[in-house]
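A note on names: the letters A, B, ... follow the listed sequences, proteins ahead of strands, and every chain is numbered from 1.
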Amino acid sequence: MNVVTSLVRNSAVAAVASTSWNVRLRELAYQSLFAESVSLYRSMLRSGSSPDAFSFPFILKSCAALSLPVSGKQLHLHVIRGGCEAEPFVLTALISMYCKCGLVEDARKVFDENPQSSQLGVCYNALISGYRANSKVSDAVFMFRRMKETGVSVDSVTLLGLVPLCSAPDYLWLGRSLHGQCVKGGTDSEEAVLNSFITMYMKCGSVESGRRLFDELPVKGLISWNAVISGYSQNGLAYDVLELYELMKSSGVCPDPVTLVSVLSSCAHLGAKKIGQEVGKLVEANGFGSNLYLSNALISMYARCGNLAKARAVFDMMPVKSLVSWTAMIGCYGMHGMGETGLMLLDDMIRRGVRPDGTVFVMVLSACSHSGLADKGLELFDAMKREYKLKPGLEHYSCVVDLLGRAGRLDEAMEFINSMPVEPDGAVWGALLGACKIYKNVDMAELAFAKVIEFEPMNIGYYVLMSNIYSDSKNQEGIWRIRVMMRERAFRKKPGYSYVEHKGRVHLFLAGDRSHEQTEEVHRMLDELETSVMELAGNMDCDRGEEVSSTSREHSERLAIAFGILNSNPGTEILVIKNLRVCEDCHVFIKLVSKIVDRQFVVRDASRFHYFKDGICSCKDYW
DNA sequence: CTAGGGTTAG
């Protein structure tokens, strides 16, 4: 009798003990204190208390969150020893743990060994999103098929696991069909599911579909705004991003770091300095400064808006830097013609044990070519292959051609192209063509041009470049030939854009566009400028004066400049951001205008800044 | 008492 009562009492004590452990485990898991949860589990074992079906889900979740595959496997053994594997909640936690630790095969094994689970739907969901997270797309789709075939009901969590993988071109059909079924199945689809559809459409470039879905949302939460804003940003619609950002704020939704990353990257694209600075202040005010993504975005925003010092300040303040941070900072120096500083930073990075990747070398090579460091660049191209075992891509080859070309080593550039182990593309031949323009080599230019239009027959820039090469060598027949080619190809009118930021707003100008609210004043300003430019061109005996006076004013750059001069206060810097279009007339126009007005210009093309003062661009080899 | 999910950088 005595023995029995003591046994009963002991097991009751053990049960109480295990419950209080579980309560504590649950608390820690809820507060995302996963490391603490793992050590609590260890002390639970040490104290002789054995975990049960209520303990395992929490501790498995902690292992998953910390991605501890070894501890996870060990836990699995404990689960088996405790006879808990078939417990529904333990089973789902196990599958999820294996998936999060990157061991999808083990997850699948657990899944296959327990086909009778009462939570089969949840198991499928965990496995499907596990396959997705480990980028095993076809396996995820296979499991989804099996799920439907066996009659397990598909719920919103299934969709959340499945839809994000449907932005891959191969599975777009599936995404559309899922969306269709959702619409048919009733209007009460969860917000999260709709958000994932928005992201899916955005990722595969159907901005319109994504936007329509967004507009139709009954409630637009933070994540919906983020999905649509980052979607526009990824599709290069920077102007719309800023518009949406304003709308978001005025609808009372507070931006978070995810929003701000997209907004900053759009500011960088547009060169929207003021808005970018405001966002920078917001980042500081909200204590988002430690967010790695945000800091990286801030660096490239400041860099592309011309504020090198501020970019460096953000970079230096970062307690942890990722490879992206280094890349952005090095690219920043390359962009501003400070190749040497960029190279010093590269050394610094390598000294600190950060391994450069292919993208870093793109930045480094282009920094070298813009700073006249041809030999150093070639040396680094070699080091990239030998020391870092990186396989150069076409982007690297075109950098090297640019490097040699800008240095005037045209024959070497040609040899280099011929020795490439991969087929050169349009960018490679285009780099050579650009070099031929600088060094007035018409024969090689003709060769490069023939090649480049094989790859990019519809890129109008190359035709203009070739035409200008003929024009430099006074080859009228050549110019005429190019014009005929352009006419034959009937280029669809894709006007160039220029942007000017003024008082926190971005003003967009298209060639020949008269929709701007100040269009009358802008054109009047343009008249004045053109008159002065022509006088100046006459006085200076400018060798392109004639062409400047004869071209139409339907260029976005000109409209943007006129707007800038019209609206900015005397002495302020006008920032004209131009999408790269090869148009010499506008280049000459910009040079001359900067002599007329008492202002400095900063003009940005695709890869770097050009600072104008008194009609002189700070970089010698340009235009 | 308990499991499965969506948005972010060069």
Round to a whole Å and report the spacing from CG of A:Leu292 to P of B:dT8. 16 Å
Sequence neighbours left out, what pairs pass ring-ring contact (aromatic ring centres under 6.0 Å, His included) with at least one residue falling in residues 276-324 of chain A? A:Phe315-A:Trp326
Separation of B:dT7 P from A:Leu260 CG (nearest whole Å): 18 Å
Hey, what do you get for OG (A:Ser224) to CD1 (A:Ile198), rounding to the nearest 0.5 Å? 5.5 Å
Figure out the CE/P separation between A:Met202 and B:dT8, and round it to whole Å. 11 Å
Taking CG from A:Leu159 and C1' from B:dT7, how many angstroms apart are they, rounded to a whole number? 17 Å
Does B:dT8 have OP1 or OP2 sitting under 4.0 Å from an N or O in the side chain of A:Gln234? yes
Would you please name every residue forming a salt bridge (charged side-chain N to carboxylate O under 4.0 Å, His left out) with A:Asp347, sequence neighbours left out? none
Under 4.0 Å between any heavy atoms, over every strand shown, what does A:Glu27 touch: base, sugar-phosphate, or nothing? Just pick one. nothing
For nucleotides 1-6 of chain B, just jot down a letter per nucleotide in 5' to 3' order: B, S or -, based on protein non-hydrogen atoms under 4.0 Å. BBBBBB
When rounded to whole Å, the CD1 to C1' distance for the pair A:Ile299 and B:dT8 reads 16 Å
Can you tell me the distance, in whole Å, between the CG atom of A:Leu390 and the C1' atom of B:dG10? 15 Å
Please output the side-chain donor-acceptor pairs of residues 151-160 of chain A that fall under 3.5 Å, not counting sequence neighbours, one pair per line with the distance.
| from | atom 1 | to | atom 2 | distance (Å) |
| --- | --- | --- | --- | --- |
| A:Asp155 | OD1 | A:Asn125 | ND2 | 3.2 |
| A:Asp155 | OD1 | A:Val157 | N | 3.2 |
| A:Asp155 | OD1 | A:Thr158 | N | 3.1 |
| A:Asp155 | OD1 | A:Thr158 | OG1 | 2.8 |
| A:Ser156 | OG | A:Glu190 | OE2 | 3.0 |
| A:Thr158 | OG1 | A:Asn125 | OD1 | 2.7 |
| A:Thr158 | OG1 | A:Asp155 | N | 3.1 |
| A:Thr158 | OG1 | A:Asp155 | O | 3.3 |

Listing request: all side chain to side chain donor-acceptor pair (under 3.5 Å) pairs with a residue in residues 161-178 of chain A, at least two apart in sequence or in separate chains. A:Ser177-A:Gln181
Can you check the A:Trp225 CH2 to B:dT8 P distance for me, whole Å? 17 Å
According to salt bridge (charged side-chain N to carboxylate O under 4.0 Å, His left out), who are the partners of A:Arg26, at least two apart in sequence or on a separate chain? none
